[in-house]
Peer 1: 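Sharing a structure here in structure tokens format.
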Amino acid sequence: MPISAAVIGAGPAGIYAAEALARNVDGITIDITDRLPTPYGLVRAGVSPDHQSTKAVCRVLERTLKRDCVRLLGNVALGRDVSLDELREIYDIVILAQGAEEDRPLAIPGEDLPGVYGSMDVVGWYNAHPDHVRTRLHLERIRHVAVIGNGNVAIDVARVLNRTPEEMLPTDMPDYALDELRRSTIETTSVLGRRGPLEAAFTQQEITELQHMADANIIVRAEQIPASADGLPEKIRKAREANLRALRQYTEPPKGASRRIAFEFFARPVAFLGDDRLRSLRLERTRVNEGACEGTGEFFEIPCDMAVTCVGYRCTPLPGLTLDERGILPNEDGRIGDGVYVVGWAKRGPSGTIGANRSDSQDVVRIIAEDAGRLGGKPGGKALDTLLDRRGVETVDFAGWKRIEAAETAAAREGAPRRKLESIAEMVAIARGRA
Ligand code: NAP
């Protein structure tokens with residue numbers, strides 16, 4: 001009996017799941033939907049514009065989208081255009097791969113002050129994500145930025161905000177963001193970790209990369225860097241030693257540059273302070289006790305006109321889907337319920353590199369393949385087409401996406417890979433041959 005599958009989300013986790021399904025389940029047909037008209041999820045809209053080599057993984061993902069048994073259905077949003085119940089009636093297998101698209105709140109006073117942003121918004125802004133192109137950062141009014149968190153997203157945000165426009169010209173950073181970099185008056189960016197360098201989640205490569213910044217000094221306080229990572233579990237010790245080595249190179253007096261990125265460890269934000277907008281950040285000095293962050297009762301303030309919280313993500317709540325306290329979809333090794341599965345960040349939380357999604361999706365598909373014997377017989381993609389037609393949903397297929405891609409490539413600045421379209425309506429018009 002033919003088997004049909006819907007994968008919700010055309011990011012790496014969803015596409016890797018589709019690839020594994022195509023390889024492991026005979027005769028399967030797979031529809032990959034995405035709420036945007038464009039595929040590749042966080043590779044397109046999360047990976048920094050100055051990391052184009054990472055974005056090259058799209059060439060591998062594209063091979064799956066070109067498979068005969070796979071269809072891309074962009075511009076189809078779960079919860080808006082089709083419900084989970086409807087998908088379950090139409091497809092034998094539904095794989096949720098929509099990622100974690102909301103910032104986890106820091107949950108401290110003042111978080112709603114103008115000037116406080118979540119990293120989803122800032123990363124989306126410098127990547128021309130249609131949801132975030134209208135965010136206005138007004139960098140011409142900013143002198144002090146606080147980047148909260150010690151993961152790679154925090155490093156990305158601190159780095160990109162302190163790039164010179166010339167550094168970003170050969171990237172796909174949108175023109176409006178480049179203009180803000182030109183106007184930027186940022187002097188100091190504090191990267192704040194509530195724990196110490198040993199516990200930081202960022203990786204050596206990202207810290208080392210900072211030394212090549214054209215006009216930013218990196219500052220690390222020598223007294224905050226421990227002598228070694230001895231005593232840490234073996235499986236993380238090497239990586240943490242590498243982080244310490246990478247950080248130590250910035251403890252020397254800085255060379256001349258107009259801005260500074262200053263790492264401050266053992267500092268836990270307790271309140272954003274301001275009147276009509278953010279003016280400063282209140283922090284508590286911490287110590288680490290057996291890996292846990294403890295307050296010392298010593299408080300201090302730093303000036304701050306802009307803050308970006310980079311403290312992780314959670315899924316967007318959708319009708320029919322319950323999230324757990326971590327903001328992910330409760331599941332057992334990827335299985336949610338009869339015929340419904342989850343992969344990627346929606347399954348395991350917002351962690352891991354793009355490649356980690358490959359093995360993770362393959363593991364879930366192994367479980368699906370075991371279930372496949374008792375699945376089958378549902379109408380499949382044609383029924384979704386009928387339903388979406390009736391609702392007037394303008395879907396974007398792979399050929400339509402390639403038209404968007406061609407338009408973006410043709411419009412690129414000299415030396416840049418593409419100029420991303422910023423409006424969904426314009427993308428759909430181009431994809432469907434109306435523009
Ligand atoms: P992450 O690696 O989990 O880091 C989150 C950071 O937020 C941690 O330092 C965490 O500190 C801190 N944090 C959480 N709650 C906090 C609170 N209430 N107050 C203060 N700090 C808090 O997450 P991420 O940076 O969002 O990255 C997500 C994943 O994408 C990671 O696997 C990352 O490596 C990957 N990524 C990779 C790249 C790259 O390879 N270049 C770029 C971007 C993202 P604690 O440890 O103390 O909880």
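When a ligand or atom number is given, it counts from 1 through the structure's own listing order.
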Peer 1: Check the pair Asp305 / Arg141 against salt bridge (charged side-chain N to carboxylate O under 4.0 Å, His left out), numbers first and verdict last.
Peer 2: CA-CA 8 Å; Asp305 337 283; Arg141 294 187 211 149; over 6 Å; no
Peer 1: Within a radius of less than 6.0 Å around CZ of Arg358, do more than 12 heavy atoms belonging to other residues, nucleotides or ligands occur?
Peer 2: no
Peer 1: Between Glu19 and Arg67, does any NZ, NE, NH1 or NH2 come within less than 4.0 Å of an OD or OE carboxylate oxygen?
Peer 2: yes
Peer 1: Check each atom of ligand 1 against the heavy atoms of Leu106 and keep those under 4.0 Å away; list them by number with element.
Peer 2: 17 (C), 18 (N), 19 (N)
Peer 1: For Thr353, is the nearest heavy atom under 4.0 Å from an atom of ligand 1?
Peer 2: no
Peer 1: Would a search of protein heavy atoms around atom 18 (N) of ligand 1 find one under 4.0 Å away?
Peer 2: yes
Peer 1: Quick check: Glu199 and ligand 1, any N/O pair under 3.5 Å apart?
Peer 2: no
Peer 1: At a 4.0 Å threshold, what atoms of ligand 1 neighbour a non-hydrogen atom of Arg195?
Peer 2: 45 (P), 46 (O), 47 (O)
Peer 1: Quick one: do Arg413 and Asp175 make a salt bridge, cutoff under 4.0 Å?
Peer 2: yes
Peer 1: When the ring planes of Tyr40 and Trp401 are compared, do they come out parallel, tilted or perpendicular, using 30° and 60° as the limits?
Peer 2: perpendicular
Peer 1: Is it the case that His51 and Glu209 place a side-chain donor and acceptor less than 3.5 Å from each other?
Peer 2: yes
Peer 1: If I apply the N/O under 3.5 Å rule, does Tyr313 come out as touching ligand 1?
Peer 2: no
Peer 1: Using 4.0 Å as the upper bound for N to carboxylate O, is an ion pair formed by Glu405 and Arg44?
Peer 2: no
Peer 1: Ser359 and Tyr16: side-chain donor and acceptor closer than 3.5 Å?
Peer 2: no
Peer 1: Which of the numbered atoms in ligand 1 are under 4.0 angstrom from any heavy atom belonging to Asn150?
Peer 2: 6 (C), 8 (C), 9 (O)
Peer 1: Write out the residue and atom name of the closest protein heavy atom to atom 30 (O) of ligand 1, then the distance separating them to 0.1 Å.
Peer 2: Trp345 CZ2, 3.6 Å
Peer 1: Between Arg285 and Glu264, is the closest basic N to carboxylate O distance under 4.0 Å?
Peer 2: yes
Peer 1: Pick whichever of Asn152, Thr286, Ile108 has a heavy atom sitting closest to atom 36 (N) of ligand 1.
Peer 2: Asn152
Peer 1: For atom 40 (O) of ligand 1, which candidate among His51, Glu206, Arg268 provides the closest heavy atom?
Peer 2: Glu206
Peer 1: Just need the protein heavy atom nearest to atom 42 (C) of ligand 1, so name the residue and atom and give the distance.
Peer 2: Asp156 OD2, 3.2 Å
Peer 1: Checking a contact table here: which protein heavy atom is nearest atom 20 (C) of ligand 1, and how many Å away?
Peer 2: Arg194 CD, 3.5 Å
Peer 1: Any atoms of ligand 1 less than 4.0 Å from a non-hydrogen atom of Cys310? List them with their elements.
Peer 2: 5 (C), 6 (C), 7 (O)
Peer 1: Look at atom 26 (O) of ligand 1 and find which of Val311, Val153, Thr203 reaches it with the closest heavy atom.
Peer 2: Val153
Peer 1: Would you check if the side chain of Asp131 reaches a backbone N or O of His129 as a donor-acceptor pair within less than 3.5 Å?
Peer 2: no
Peer 1: Name the closest protein heavy atom to atom 2 (O) of ligand 1, giving the residue it belongs to and the distance to 0.1 Å.
Peer 2: Ala201 CB, 3.5 Å
Peer 1: Go through the steps to decide whether Thr164 and Asp215 satisfy the test side chain to side chain donor-acceptor pair (under 3.5 Å), and finish with yes or no.
Peer 2: CA-CA 7 Å; Thr164 62; Asp215 192 22; over 6 Å; no
Peer 1: Just going by heavy-atom distances, which of Gly151, Ala107, Gly352 is nearest to atom 31 (C) of ligand 1?
Peer 2: Gly352
Peer 1: Under 4.0 Å from any heavy atom of Pro350, which atoms of ligand 1 are there?
Peer 2: 28 (C), 29 (C)
